[in-house]
There are 2 protein chains.
Amino acid sequence: MEIAPETLDERVSRFVEGLKGAGVKLTPQRLEIFREVAKSADHPDVETVFRGVRKRLPSVSLDTVYRTLWSLIDLGLLSTVGHSRERVRFDANMGSHHHFVCEACGVMWDFQSDEFDRVRVPDVVRKLGSAQKTQVEIRGICTRCSGETTSRRCASRRKEDRWKRRS
Amino acid sequence: MEIAPETLDERVSRFVEGLKGAGVKLTPQRLEIFREVAKSADHPDVETVFRGVRKRLPSVSLDTVYRTLWSLIDLGLLSTVGHSRERVRFDANMGSHHHFVCEACGVMWDFQSDEFDRVRVPDVVRKLGSAQKTQVEIRGICTRCSGETTSRRCASRRKEDRWKRRS
DNA sequence: GTCAATGCAAACTCTTTGCAATCTG
DNA sequence: CAGATTGCAAAGAGTTTGCATTGAC
């Protein structure tokens with residue numbers, strides 16, 4: 001589950017430089033929270049990060065973990081896996097398909113692609129387990145949002161609202 | 001945003017058959033909730049489904065929407081987009097990579113694949129918008145979980161726990 | 001020393017559950 | 001008619017926020 005020590009060191013130095021570059025303070029909490037995410041090959045959730053950090057920093061609070069994770073993401077030093085802060089969405093298309101997601105308005109379209117479907121499961125993955133389903137997600141900006149940069153950008157604003165609700 | 005009428009009809013009949021086959025009652029709520037998901041090309045979240053259904057069934061309650069969506073998923077008549085009921089997870093690997101996720105224990109491994117990276121963005125998607133990031137997610141069962149079907153299946157059980165927490 | 005960052009506790013939102021009334025097959 | 005399903009209201013999780021205190025630069 002743990003990552004190679006040299007990779008971790010590399011990540012940590014990039015992190016320290018990243019904070020410095022952004023003029024953000026390097027606190028023990030931030031360092032440990034980052035290390036907790038960076039050291040695992042799996043991708044921890046908030047609770048897991050909290051438990052891990054608390055082993056070394058028993059006084060750390062859960063809300064600091066939340067705040068720190070989101071701000072490191074804003075700084076581009078971490079990312080979320082999958083759909084970030086978005087809500088669960090439902091899909092009635094039970095056939096094989098892929099998704100295009102607009103980062104601005106959150107709209108999500110299905111698409112099919114023989115080219116992607118033809119790629120066979122890499123050997124590295126075969127070693128990890130048996131694959132059942134392969135799904136591609138392409139993220140970008142939809143034509144509607146990129147065309148709205150001038151006057152009303154109602155669709156783009158929709159994203160801000162969604163984030164505001166939680167941050 | 002809406003799907004072709006014939007596709008919707010087809011989905012609805014498969015849904016009705018699906019319920020019948022499973023010996024589950026067809027209530028107006030279930031039908032409308034399913035239709036609300038099935039009719040949109042985008043993928044609605046709980047709140048959106050609720051608002052849509054309420055237009056035709058003003059007395060529907062939010063908890064029925066939740067219960068119905070999850071049970072339709074259990075019946076295999078709907079699916080969730082992305083990471084279903086799982087929590088947000090964090091990733092310190094800021095380079096381009098893809099994910100293998102174990103459906104049983106939830107473990108998630110990074111992998112790289114030139115083959116996937118070489119596939120160019122399909123034309124259908126270019127029409128939808130500008131692509132920024134392409135990420136492949138392969139779901140399956142990891143070797144650890146598939147090897148544990150006999151005695152202790154601690155890793156597999158971990159998933160049940162996670163689901164129990166919410167259902 | 002200054003201003004950002006933290007910890008605490010309370011507030012909020014989203015989601016789930018218990019139970020009586022209702023409706024489907 | 002019997003048992004599943006619904007609506008209501010209240011409980012439960014997870015997440016966020018306000019504010020006084022602490023700590024990094």
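All values below come from the heavy atoms of this structure, side chains included, with hydrogens, waters and symmetry mates left out. Predicted, not measured: the structure shown is a model, and the values here were computed from it. Below, chain A is the first sequence line, B the second, and so on; all start at residue 1.
In this view, B:R11 satisfies the salt bridge (charged side-chain N to carboxylate O under 4.0 Å, His left out) rule with no residue, not counting sequence neighbours. Not counting sequence neighbours, the partners of B:D117 by the side chain to side chain donor-acceptor pair (under 3.5 Å) test are B:H98. Scanning for salt bridge (charged side-chain N to carboxylate O under 4.0 Å, His left out) contacts around A:D9 gives an empty result, with sequence neighbours left out. In this structure A:R51 satisfies the side chain to side chain donor-acceptor pair (under 3.5 Å) test together with A:E47, sequence neighbours excluded.
The side-chain heavy atoms of A:L72 and A:F15, taken from C-beta on, include a pair separated by under 4.5 Å.
Regarding A:Y66, its OH atom lies at a distance of 14 Å from the P atom of D:dA13, rounded to whole Å. The distance between atom CG of A:L26 and atom P of C:dA5, rounded to the nearest whole Å, is 11 Å. Taking atom CG of residue A:L31 and atom P of nucleotide D:dC25, one finds them 11 Å apart after rounding to whole Å. Between the P atom of D:dT16 and the CG atom of A:L69 lies a distance of 10 Å, rounded to the nearest Å. Protein atom CG of A:D74 is 17 Å distant from nucleotide atom P of C:dA4, rounded to whole Å. Rounded to an integer number of Å, the gap from A:I33 CD1 to C:dA5 P is 13 Å. Per the geometry, CG belonging to A:L19 stands 14 Å off P belonging to D:dA24, to the nearest Å. Taking atom CD on A:E47 and atom P on D:dG12, their separation rounds to 18 Å, with Å as the unit.
Evaluation of the side-chain hydrogen bond (donor to acceptor under 3.5 Å, both in side chains) test over residues 13-33 of chain A, restricted to residues two or more places apart or in two chains, returns A:E10-A:R14, A:E32-A:R56.
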B/S/- along nucleotides 3-10 of chain D (protein heavy atoms under 4.0 Å) is BSSSBBB-

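At a threshold of 4.0 angstrom between heavy atoms, the contacts of B:L62 include nucleobase atoms, whether or not backbone atoms are also involved.
Contact between the side-chain N/O atoms of B:W70 and the OP1/OP2 oxygens of C:dT16 is found at a separation under 4.0 Å.
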